[in-house]
**Student:** 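For reference, the structure I am asking about is given below.
We use all heavy atoms of the structure for the numbers below, so side chains are in, but hydrogens, waters and symmetry mates are not. Atoms within a ligand are numbered from 1 in the order they appear, just like the ligands themselves.
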Amino acid sequence: MTTEAIRVQGLEKSYKDLHVLRGVDFSVASGSVFALLGSNGAGKTTVVRILSTLLRPDAGTAAVGGFDVLAQAADVREAISLTGQFAAVDEILTGRENLVLVARLRRVKDAARVADDLLDRFQLTDAAGRRVGTYSGGMRRRLDIAMSLIGDPPVIFLDEPTTGLDPQSRVEVWNSVKELAGQGKTVLLTTQHLDEAEHLADRIAILHQGRIIADGTLEQLKRLLPPAKAEYVEKQPSLEEVFLAVIGHHSGAADAPTTAPTPGEQR
Ligand SMILES: Nc1ncnc2c1ncn2[C@@H]1O[C@H](COP(=O)(O)OP(=O)(O)O)[C@@H](O)[C@H]1O
Ligand SMILES: [Mg+2]
């Protein structure tokens with residue numbers, strides 16, 4: 001048993017001339033929720049694809065569940081489930097049929113009972129007999145996350161689980177992620193939303209220009225803010241402010257967003 005569910009060291013990946021990952025390092029403790037935060041195109045999906053053995057890194061090492069993603073790819077696949085950016089459910093089947101199908105494919109005993117239990121836990125019982133084609137985006141994503149629990153993998157990857165969802169569906173998906181966390185699963189989720197990372201994750205890493213530029217608990221990231229600024233603002237700094245402060249620091253672009261209140265100007 002390892003207390004580190006995921007360990008990534010010096011990961012590099014290019015697509016032709018595009019050097020997307022330039023030495024990515026982080027680790028994720030077993031049973032924790034880890035958010036990989038970055039803008040569109042930062043390389044989040046590339047990291048997830050490498051960790052789930054779908055893509056080979058150019059350099060560096062990665063281990064999931066104690067297994068090396070290159071040398072022990074089959075063991076890694078046994079230990080994980082991956083919920084992609086676009087829901088992988090079958091629209092023609094009902095919610096229940098989708099779950100039963102996946103349970104049978106994964107050779108789970110008592111597939112029907114497992115499906116019913118998941119439908120209940122993810123508030124899909126009422127919609128269980130309807131074709132997924134009639135589901136809202138949030139319901140699909142919840143079904144997708146429910147599916148990821150079939151076979152009981154210890155490590156779950158959620159790649160942008162709420163992108164494209166309305167605010168209400170987003171909250172529903174957040175509750176589903178909390179359900180996974182409550183099960184003691186290790187969850188690595190990617191997001192472009194600072195508040196999402198703030199809300200769900202025990203630990204947050206910011207991926208920017210090919211590297212992790214900040215990594216820590218929310219409290220630790222908040223402390224990265226310049227103290228002079230923290231003195232003037234009345235509310236607690238949000239992760240958004242931390243993000244901007246860290247990015248400004250690393251890229252040399254110190255421009256504050258035009259909408260941010262300037263310290264000292266508050267009345
Ligand atoms: N198969 C590919 N071929 C060429 N470029 C790619 C490929 N996959 C991703 N990219 C590019 O690599 C960068 C990182 O992509 P991605 O990992 O999907 O970022 P994110 O998930 O953070 O939005 C983007 O500029 C994207 O256009
Ligand atoms: Mg992506």
Side-chain angles (χ1 to χ4, degrees), residues 6-28 33-64 69-70 73 76-77 80-89 137-138 140-142 144-145 147-148 155-166 169-170 173-174 176-177 180 186-201 203-216 221 239-240 242-244 246-248 250-251 253:
I6 301 170
R7 184 177 185 80
V8 173
Q9 277 179 312
L11 215 56
E12 294 189 37
K13 182 70 193 178
S14 297
Y15 300 107
K16 299 214 172 101
D17 292 343
L18 187 65
H19 201 174
V20 176
L21 305 181
R22 298 164 175 259
V24 170
D25 303 289
F26 64 84
S27 65
V28 180
V33 179
F34 182 89
L36 189 60
L37 177 64
S39 325
N40 194 20
K44 303 179 297 297
T45 297
T46 301
V47 170
V48 169
R49 287 175 60 83
I50 290 170
L51 291 177
S52 51
T53 78
L54 298 173
L55 190 66
R56 291 178 72 89
D58 299 332
T61 58
V64 178
V69 294
L70 290 177
V76 171
R77 280 185 220 123
I80 65 166
S81 78
L82 168 62
T83 297
Q85 203 163 344
F86 304 99
V89 291
R140 282 171 200 232
R141 212 62 71 87
R142 264 149 57 211
D144 220 13
I145 294 173
M147 272 188 203
S148 74
V155 181
I156 295 176
F157 296 113
L158 302 173
D159 193 9
E160 299 207 20
T162 63
T163 296
L165 297 185
D166 59 78
S169 302
R170 220 171 144 222
V173 169
W174 282 3
S176 301
V177 176
L180 300 183
T186 304
V187 179
L188 185 152
L189 65 91
T190 74
T191 182
Q192 300 180 42
H193 306 293
L194 309 158
D195 61 328
E196 182 159 289
E198 188 167 350
H199 197 81
L200 294 175
R203 198 174 176 91
I204 300 163
I206 302 176
L207 180 62
H208 183 64
Q209 294 179 348
R211 290 193 180 86
I212 302 295
I213 58 164
D215 179 359
L221 292 190
L239 185 55
E240 180 133 33
V242 175
F243 184 72
L244 291 170
V246 173
I247 286 193
H250 277 258
S251 65

**Student:** Between Ser169 and Leu165 (side chain of the first, backbone of the second, donor and acceptor by atom type, cut-off under 3.5 Å), is there such a pair?
**Tutor:** no
**Student:** Could you list the atoms of ligand 1 found under 4.0 angstrom from a heavy atom of Val20?
**Tutor:** 12 (O), 13 (C), 14 (C)
**Student:** Restricting to N/O/S atoms, is Thr190 within less than 2.8 Å of the Mg ion (ligand 2) or not?
**Tutor:**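 Short answer: no, not a single N, O or S atom is under the cut-off.
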**Student:** Which atoms of ligand 1 sit under 4.0 Å from any heavy atom of Ser39?
**Tutor:**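 Those qualifying, in numeric order: 22 (O).
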**Student:** For ligand 1, indicate whether the residue Leu18 contacts it via side chain, backbone, both or neither (heavy-atom separation under 4.0 Å).
**Tutor:** side chain
**Student:** Got a donor-acceptor contact below 3.5 angstrom from the Asp144 side chain to the Thr83 backbone?
**Tutor:**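 Flag not set: sc Asp144 to bb Thr83 has no pair under 3.5 Å.
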**Student:** Heavy atoms only, cut-off 4.0 Å: how does Asn40 contact ligand 1, side chain, backbone, both, or neither?
**Tutor:** both
**Student:** Is the backbone N or O of Ser27 less than 3.5 Å from a side-chain atom of Arg7, with the two atoms forming a donor-acceptor pair by type?
**Tutor:**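 No, Arg7 side chain to Ser27 backbone: no donor-acceptor pair under 3.5 Å.
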**Student:** With a cutoff of 4.0 Å, is Gly43 in contact with ligand 1, counting heavy atoms of the residue only?
**Tutor:**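 Under 4.0 Å: yes for Gly43.
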**Student:** Can you spot which of Val155, Ile80, Val64, Leu82 makes a side-chain contact (heavy atoms from CB on, under 4.5 Å) with Leu51?
**Tutor:** Val64
**Student:** Inspect the contact between Glu160 and Lys44 and indicate whether a charged nitrogen and a carboxylate oxygen are less than 4.0 angstrom apart.
**Tutor:**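 Salt bridge: yes.
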**Student:** Has ligand 1 got any nitrogen or oxygen that is less than 3.5 angstrom from a nitrogen or oxygen of Thr46?
**Tutor:**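 Thr46 vs ligand 1: N/O contact under 3.5 Å present.
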**Student:** Assess whether a salt bridge exists between Asp195 and Arg170, defined as any Lys/Arg side-chain N lying under 4.0 Å from an Asp/Glu carboxylate O.
**Tutor:**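 Here Asp195 pairs with Arg170 in a salt bridge, since their nearest N and O are under 4.0 Å apart.
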